[in-house]
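We number each residue from 1, following the sequence as shown.
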Amino acid sequence: MPNGEEGACRKPSAAYDHRQPAKTQWYDRKNYVFVEFLVEDSKEVDVKIKKDRLIFSCKTEDNVELYNNIELYTRVQPSDSREKRSDRSVTLFMRKVEGKRAWPRLTKEKVKHVWLMVNFDNWRDWSTDDDQLLDIQQYAEMMKDMKDNGPPPSMDDLDDD
């Protein structure tokens, strides 16, 4: 081998990963972070919400594998988090460990991901928002359609000023 590479150990080249990230939107609220994976007619959906990480995988109608492994900005409470699958998307809401603290981004690192965008249609400046009735109605509606992951989260902090 040229250049004295005899006996040198080389790493085998990494196999091409056929998975791609799902297009994702997110928005922040006082006590929750909402994440929506925009996948129509998803199948084999698997969502793992951990304290500091969100792992999402599924297949599209055309059997394309989608996979997102997101290290979250800060910690969430997995037991008080829920998911909902529809024909057009998979929506999650995750309870923040540190409620009433704004998240400037979804991910821990300050990197702009092509697949990740802010959902400005649902974003509000909640630090000055006093209309909590809308939040309560929205959570109640989502809870009705959510996958049963045990008892519903406590929402006693929604009426705090």
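- Looking at heavy atoms from C-beta onward, S89 lies out of side-chain contact with F37 at the 4.5 angstrom threshold.
- Hydrophobic clustering, with ILVMFWY side chains joined whenever heavy atoms are under 4.5 angstrom apart, keeps L92 apart from L38.
- Both F120 and V33 sit in one connected hydrophobic cluster of ILVMFWY residues. Membership requires side-chain heavy atoms under 4.5 Å apart, directly or through other members.
- Around NZ of K112, the count of heavy atoms belonging to other residues, nucleotides or ligands within 6.0 Å exceeds 12.
- Every residue two or more places apart in sequence or in another chain that forms a side chain to side chain contact (heavy atoms under 4.5 Å, CB included) with R53 is listed here: K50, I55, N69, E71.
- Within the model, atoms CG of N122 and CG of D28 stand 12.0 Å from one another, a figure rounded to the nearest 0.5 Å.
- We find the CZ-SG distance between R19 and C58 to be 11.5 Å, quoted to the nearest 0.5 Å.
- The side chain to side chain contact (heavy atoms under 4.5 Å, CB included) search around T107 returns I70, R105, E109, H113, L116, not counting sequence neighbours.
- Looking only at side-chain heavy atoms (C-beta outward), R95 and N31 come within less than 4.5 Å of each other.
- A 4.5 Å side-chain heavy-atom check between V118 and Q25 finds every atom pair outside the cut-off.
- At least one side-chain heavy atom of T74 sits less than 4.5 Å from a side-chain heavy atom of R101.
- At a threshold of 4.5 Å between non-hydrogen side-chain atoms, the residues V90 and V45 count as touching.
- Of all the heavy atoms in W115 and P21, the pair that sits closest is CD1-CG, 3.4 Å.
- Checked by atom type and distance alone, the side chain of D62 never pairs as donor or acceptor with a backbone atom of V64 at under 3.5 Å.
- Distance OG1/T24 to CG/N119: 11.5 Å, rounded to 0.5 Å.
- In this structure, W103 and L72 approach most closely via the heavy-atom pair CH2-CB, 4.3 Å.
- In this structure, the side chains of F34 and R29 come closer than 4.5 Å at one or more pairs of heavy atoms.
- In this structure, V39 and A22 approach most closely via the heavy-atom pair CG2-CB, 3.8 Å.
- With sequence neighbours excluded, the residues that form a side chain to side chain contact (heavy atoms under 4.5 Å, CB included) with N63 are K43, K59.
- Heavy-atom minimum distance, I49 versus P78: O-CB, 3.3 Å.
- Looking at heavy atoms from C-beta onward, D46 lies out of side-chain contact with F56 at the 4.5 angstrom threshold.
- Of the inter-residue distances, the one linking T91 atom OG1 with E36 atom CD reads 4.0 Å to the nearest 0.5 angstrom.
- At least one test fails for R82 against the ring of F93: distance under 6.0 Å to the centre or angle within 45° of the axis.
- Summarising the geometry of S57 relative to Y67, their closest heavy-atom pair is CB-CD1, 3.9 Å, with the distance given to 0.1 Å.
- Between K96 and Y32, the shortest heavy-atom distance links the atoms CE-O, 3.7 Å.
- Residues T60 and E40 fail the side-chain proximity criterion, which asks for heavy atoms closer than 4.5 Å.
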